[in-house]
2 protein chains.
Amino acid sequence: MNRTSDTRQHILDTAATLFHTQSFSDVGIATICKQADVSKGSFFHFFPSKQALGVAVLEQFREKINETLVARAFSSQYPPMERLLRFVEELYMFQREQAKEHGHLPGCPFGNIVMEQATQDEILRKKADGCIRSIANHIRTAVSDAVQSGELAPLDEEATAEAMFGYLEGVQLMAKARNDAELIRRLGPAVATIRVPQQT
Amino acid sequence: MNRTSDTRQHILDTAATLFHTQSFSDVGIATICKQADVSKGSFFHFFPSKQALGVAVLEQFREKINETLVARAFSSQYPPMERLLRFVEELYMFQREQAKEHGHLPGCPFGNIVMEQATQDEILRKKADGCIRSIANHIRTAVSDAVQSGELAPLDEEATAEAMFGYLEGVQLMAKARNDAELIRRLGPAVATIRVPQQT
DNA sequence: CTTGAAGTATACCGACCAGTCTAGTACTAT
DNA sequence: ATAGTACTAGACTGGTCGGTATACTTCAAG
């Protein structure tokens, strides 16, 4: 059916934008429905609860980011470490564009949910964690490739990839704190200098 | 006056714990009053709004962290780069203890507010940014000392310090996502490998 | 043409929200 | 003793929250 997926998708897209540019707990279901021009009845037909909507929004972000930013940056046609720099540039452009459009730099949609909901809602916490791991996995591959090609001396590949992802989360957090996307461009490239040595 | 400062301080301490272990928007004033055993009238006598309370809580966190974790780690009696590792250990112990006490790893109080409120409340955003800069400043000093002593080759000291702080924010975010303080111990020390080169 | 499911619309629920108001008590300075 | 101020108490307001209930429409299959 057309109407079904249209409405559901419309709710999902509207909620994704609102949660990302504002926050999960400060955006109510009524607001989402109004903005999406959908009735509350329809909303609860597709999503049993706000929590379920949150999980679906996270999943959609994961898919979309993997298909766009991540796909462009982590193409195996680039040397492994260059992929990281391309990812930084993608993040920079994404956050800059969002900041321009909404007036505030929104930060990472997963990081936002983690900071806001991780202590309150175990299901959202685990879902966000899964999304983070899904994206960090691409860094892991790049790091492994870099070690294999000799571009990087041997090190703890798993931990280094996690550290690199964490760094990028932190840089986005600071950029959000200053509402200044340029910080990502200035600090981001240093992601390539991070190394977690092999534990002995 | 005794009663005055007692009540105000009690509200502040209670709110600090609740905001940190849960979240700013999900903790209501009524909850704070009940937990602090204070009437709503008293609350609004000392704080004109929830936002003002938020600012005061951030400031208290800044002072307390500077006097404890930061003071212990960034003592000039230690070699500059060792201070960073000591700070990581302090963060680890702090988060682990909080996680044990409250069941959930709370993350950085400043990072939490940034992610939750930065897009919604400019005053809270700026206050949190100020707290971040205040603490990052100690890293800046350590980095400068390290360059001076030759422990670190010349680099962009300001940017490197910011990058290092951002990294630690990111590591705490990931630890919160996994609800696992050990991540801080495993990834944290790599903070010393981060370098932002002098811009040319 | 009928039946039943999918989807929509909206009134409504109790709980809670930040914040106000009024009436009070306790203490201080004169 | 009195006046004024700092502080406390808690009922109350208008509004919003997530979620429910019920009645409706649309549409496809038999």
Side-chain angles (χ1 to χ4, degrees), chain A residues 1-19 21-58 112-113 116-125 127, chain B residues 1-19 21-58 112-113 116-125 127:
Chain A
M1 261 177 225
N2 257 358
R3 292 266 281 304
T4 293
S5 52
D6 272 11
T7 301
R8 203 191 115 97
Q9 192 58 45
H10 195 196
I11 293 169
L12 218 40
D13 291 339
T14 304
T17 300
L18 290 172
F19 288 164
T21 59
Q22 298 183 49
S23 82
F24 183 74
S25 48
D26 289 350
V27 173
I29 290 169
T31 304
I32 295 166
C33 290
K34 212 172 132 190
Q35 179 121 351
D37 199 30
V38 157
S39 72
K40 227 169 184 185
S42 293
F43 178 94
F44 281 100
H45 175 74
F46 292 109
F47 302 97
S49 67
K50 194 185 182 186
Q51 181 196 65
L53 172 68
V55 170
V57 164
L58 284 172
N112 289 347
I113 292 281
E116 194 186 333
Q117 294 293 323
T119 57
Q120 326 228 47
D121 187 324
E122 198 72 356
I123 287 175
L124 281 174
R125 200 209 94 222
K127 181 63 192 175
Chain B
M1 264 174 230
N2 256 358
R3 293 264 284 304
T4 293
S5 53
D6 271 13
T7 301
R8 202 191 116 96
Q9 193 57 47
H10 196 196
I11 293 169
L12 218 40
D13 291 341
T14 305
T17 301
L18 289 172
F19 289 162
T21 59
Q22 298 183 46
S23 82
F24 182 75
S25 48
D26 289 350
V27 173
I29 290 170
T31 305
I32 295 166
C33 289
K34 210 172 133 190
Q35 178 121 350
D37 199 29
V38 156
S39 73
K40 228 167 186 186
S42 293
F43 178 94
F44 280 99
H45 175 74
F46 292 109
F47 301 98
S49 66
K50 193 185 183 187
Q51 182 197 64
L53 172 69
V55 170
V57 164
L58 284 172
N112 289 347
I113 292 281
E116 193 186 335
Q117 293 294 322
T119 57
Q120 325 228 47
D121 187 324
E122 198 72 357
I123 288 175
L124 282 174
R125 199 209 94 223
K127 181 64 193 173

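In this text the structure is predicted, and so the values were computed from the model without any measurement. The chains referred to below are lettered A, B, ... by the order of the sequence lines, with proteins before strands, and numbering in each begins at 1.
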Tell me, with the steps shown, if Asp121(A) and Arg125(A) meet side-chain contact (heavy atoms from CB on, under 4.5 Å).
CA-CA 6 Å; Asp121(A) 187 324; Arg125(A) 200 209 94 222; over 6 Å; no
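- Rounded to an integer number of Å, the gap from His45(B) NE2 to dT8(D) C1' is 9 Å.
- Between Val27(B) and Gln22(B), the shortest heavy-atom distance links the atoms CG2-CB, 3.8 Å.
- Near DNA chain D, meaning a heavy atom under 4.0 Å away, the residues from residues 22-36 of chain A are Val27(A), Gly28(A), Ile29(A).
- Distance, Asp6(A) CG to dT8(C) P: 9 Å, rounded to whole Å.
- Atom CZ of Phe46(A) and atom C1' of dA9(C) are 14 Å apart (whole Å).
- Minimum interatomic distance between Asp26(B) and Ser25(A) (heavy atoms only, all atoms of both residues): OD1-CB, 3.3 Å.
- Of the listed nucleotides (dT10(C), dT8(D), dG19(C)), dG19(C) has the atom at the smallest distance from the side chain of Ser49(B).
- In terms of phosphate contacts, Ser39(A) brings a side-chain nitrogen or oxygen within less than 4.0 Å of OP1 or OP2 of dA9(C).
- When the nearest nucleotides of DNA chain D are assigned to Gly41(A) and Asp37(B) by heavy-atom distance, the more 5′-ward of the two goes with Asp37(B).
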Considering only distance and modelled atom types, tabulate donor-acceptor pairs under 3.5 Å from the side chains of residues 29-48 of chain A, sequence neighbours left out.
{"from": "Ser39(A)", "atom 1": "OG", "to": "Ser42(A)", "atom 2": "N", "distance (Å)": "3.3"}
{"from": "Ser39(A)", "atom 1": "OG", "to": "Ser42(A)", "atom 2": "OG", "distance (Å)": "3.4"}

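- If you take CD1 on Ile123(B) and CG on Leu58(B), they are separated by 12.0 Å, rounding to the nearest 0.5 Å.
- Rounded to a whole Å, the CZ atom of Arg8(A) is 15 Å from the P atom of dA6(C).
- A side chain to side chain donor-acceptor pair (under 3.5 Å) with Gln9(A) is found for one member of Thr7(A), Asp13(A), Asp6(A) and no other, namely Asp13(A).
- Distance from the side chain of Phe44(B) is smallest for dT20(C) among the nucleotides dT20(C), dT8(D), dG19(D).
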Tabulate atom names and distances for all N/O pairs under 3.5 angstrom spanning the protein and nucleotides 12-15 of chain D.
none

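- Note that the CD atom of Gln51(A) and the CD atom of Gln117(A) stand 9.5 Å from one another [nearest 0.5 Å].
- In terms of heavy atoms, Leu124(A) sits closest to Gly54(A) at CD2-C, 3.8 Å.
- Judged by distance alone, with hydrogens and angles left aside, the side-chain atoms of Glu116(B) form a donor-acceptor pair with the main-chain N or O of Phe24(B) at under 3.5 Å.
- One interatomic measurement links the two molecules: CG of Asp121(A) to C1' of dG18(D), which rounds to 14 Å at whole-angstrom precision.
- Checking dT8(D), dA18(C), dA9(C) against every side-chain atom of Ser42(B), the shortest atom distance belongs to dT8(D).
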